[in-house]
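These notes are about the structure you will find just below.
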Amino acid sequence: MKQKQSELVDLGSLRPQTLADYIGQKNASDTLRIFLDAVNKRGYATEHILLYGPPGIGKTTLAHIIAYELHGDIKITSGAAIQKGGDLAAILTNLKDNDILFIDEIHRLPKHVEEMLYPVIEDYSLDIIIGKGPSARTVRLPIPKITIVGATTKLALLSAPMRDRFGLLMRLDFYTLEDMNVIIRRAAKVLGIDLTSELAKEVANRSRRTPRIANRILKRIRDYAEVGNHAVVKSELLESVFTLLGIDSLGLTEIDRAYMECLGEKFQNKPTGVETIASSLSEDVRTVEEFIEPYLLQLGFLSKTTRGRVLTSKALKHIGLSK
């Protein structure tokens, strides 16, 4: 290990600061480059950005990059945290020109707060109602020329009026293995881990093509190496970490394998409803649908039919079962 145990690493440095350092998502980064150059040339923003895609693939990182490239500060909040109009007003009145307001999980904004955002997005104005009843009146307050960056993992839950008000709508997808390899090598260097190209590929294969998961694995590798006083990370150490985390060669975890064994063995791979599978695993249906099944579908291990879920031949082979 290059880094001594007593040294502290700024884990925020795992995030690239500039768009030039950002790896992968070529279409999104190219579009964003044009947008940022145009904003810097004009001197102010005229549109706002909505990022959507699976969790852990860089939406928050891109928001930080946008703030850095626009030479502004970033204020981070979430849709669930803004429950009242006063909460939104307090945030907006403390911002200045070129600042970034990053709203994570923006689909969770309450309806009345969402409607307060409409004039903010369109006219950089905040409408506040003063008083009640017949004497109530609306006061329009100007707000700074900020850029609102919304992020969501569930675009369909965002209302059409809100979605259509964003000028730039960008989807972030899972990374390629080549991009993951570059991301992992960079993160390993930041964490002070001696990781060869071959071992980086092993981490990439088990990280579900998601940087957040890769960083999580790398931190555990660092912990394991520091505790065991390993100067260099070898394949044996890597296998020990993967065993400890319960991650197999394809990035499948214990709950993933339990799902496949339940469907393949207990139900003999006959079409089975998600509620039945969830009950057998003692998990709720939402966990099965949103946490377990997406990666199995991505691998081509699962087929959803009108009659229920069925494992593919690839999945059966992986867990050592035959049709």
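- A pairwise comparison of heavy atoms in L245 and R220 identifies CD2-CG, 4.0 Å as the closest pair.
- Nearest heavy atom pair, residue L296 against residue M260, reads CD2-SD, 4.0 Å.
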Identify all side-chain donor-acceptor contacts of residues 115-122 below 3.5 Å with residues at least two apart in sequence or on another chain.
from : atom 1 : to   : atom 2 : distance (Å)
Y118 : OH     : E114 : OE2    : 2.8
E122 : OE2    : R165 : NE     : 3.3

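- With a 4.5 Å cut-off on side-chain heavy atoms, S197 and R185 count as touching.
- Counting heavy atoms from C-beta outward, L51 and L168 have side chains that stay 4.5 Å or more apart.
- Using a distance-only test at 3.5 Å, with no hydrogens or angles considered, no donor-acceptor pair links the side chain of N269 to the main chain of E265.
- Under 4.0 Å is where a charged nitrogen must lie from a carboxylate oxygen, and between K75 and D73 no such pair does.
- We find that D104 and K59 are not joined by a salt bridge, their nearest charged nitrogen and carboxylate oxygen being 4.0 Å or further apart.
- A 4.5 Å side-chain heavy-atom check between I255 and I292 finds at least one atom pair inside the cut-off.
- By the neighbour-count criterion of 12 heavy atoms within 6.0 Å, atom CG of D30 is densely surrounded, having more than that number from other residues, nucleotides or ligands.
- By the 4.5 Å heavy-atom criterion applied to side chains, F174 and T210 are counted as neighbours.
- You'll find the side chain of L263 reaches within 4.5 Å of the side chain of R309, heavy atoms only.
- For D97, the side-chain hydrogen bond (donor to acceptor under 3.5 Å, both in side chains) criterion is met by no residue, not counting sequence neighbours.
- Summarising the geometry of G246 relative to R257, their closest heavy-atom pair is O-NH2, 3.3 Å, with the distance given to 0.1 Å.
- Taking H48 as the reference, Y124 meet the ring pair (Phe, Tyr, Trp, His ring centres under 6.0 Å) condition, with sequence neighbours excluded.
- Annotation: side chain of I103 is in contact with side chain of I148 (closest heavy-atom distance under 4.5 Å).
- Atom CZ of R42 has more than 12 neighbouring heavy atoms from other residues, nucleotides or ligands inside a 6.0 Å radius.
- Atom CZ of F267 has more than 12 neighbouring heavy atoms from other residues, nucleotides or ligands inside a 6.0 Å radius.
- Here the closest heavy-atom approach between residue S207 and residue M180 is recorded as OG-CE, 3.3 Å.
- The environment of CZ in R163 is crowded: more than 12 heavy-atom neighbours from other residues, nucleotides or ligands sit within 6.0 Å.
- Minimum interatomic distance between Y22 and G58 (heavy atoms only, all atoms of both residues): OH-O, 4.0 Å.
- Checked by atom type, the side-chain pair T61/R15 shows a donor-acceptor distance below 3.5 Å.
- Environment of CZ in R140: crowded, with over 12 heavy atoms of neighbouring residues, nucleotides or ligands closer than 6.0 Å.
- In the displayed structure, K41 atom NZ is contacted under 6.0 Å by at most 12 heavy atoms of other residues, nucleotides or ligands.
- For the pair D99 (side chain) and K96 (backbone), a donor-acceptor distance under 3.5 Å is present.
- In this structure, the side chains of F166 and D164 stay at 4.5 Å or more apart for every pair of heavy atoms.
- Side chains of D87 and V113 form no contact here, defined as non-hydrogen atoms less than 4.5 Å apart.
- Listed for the Y175 side chain is a donor-acceptor partner under 3.5 Å among the backbone atoms of I57.
- Other residues, nucleotides and ligands contribute over 12 non-hydrogen atoms within 6.0 Å of the NZ atom of K304.
- E283 and Y259 share no donor-acceptor pair across their side chains, judged by distance under 3.5 Å alone.
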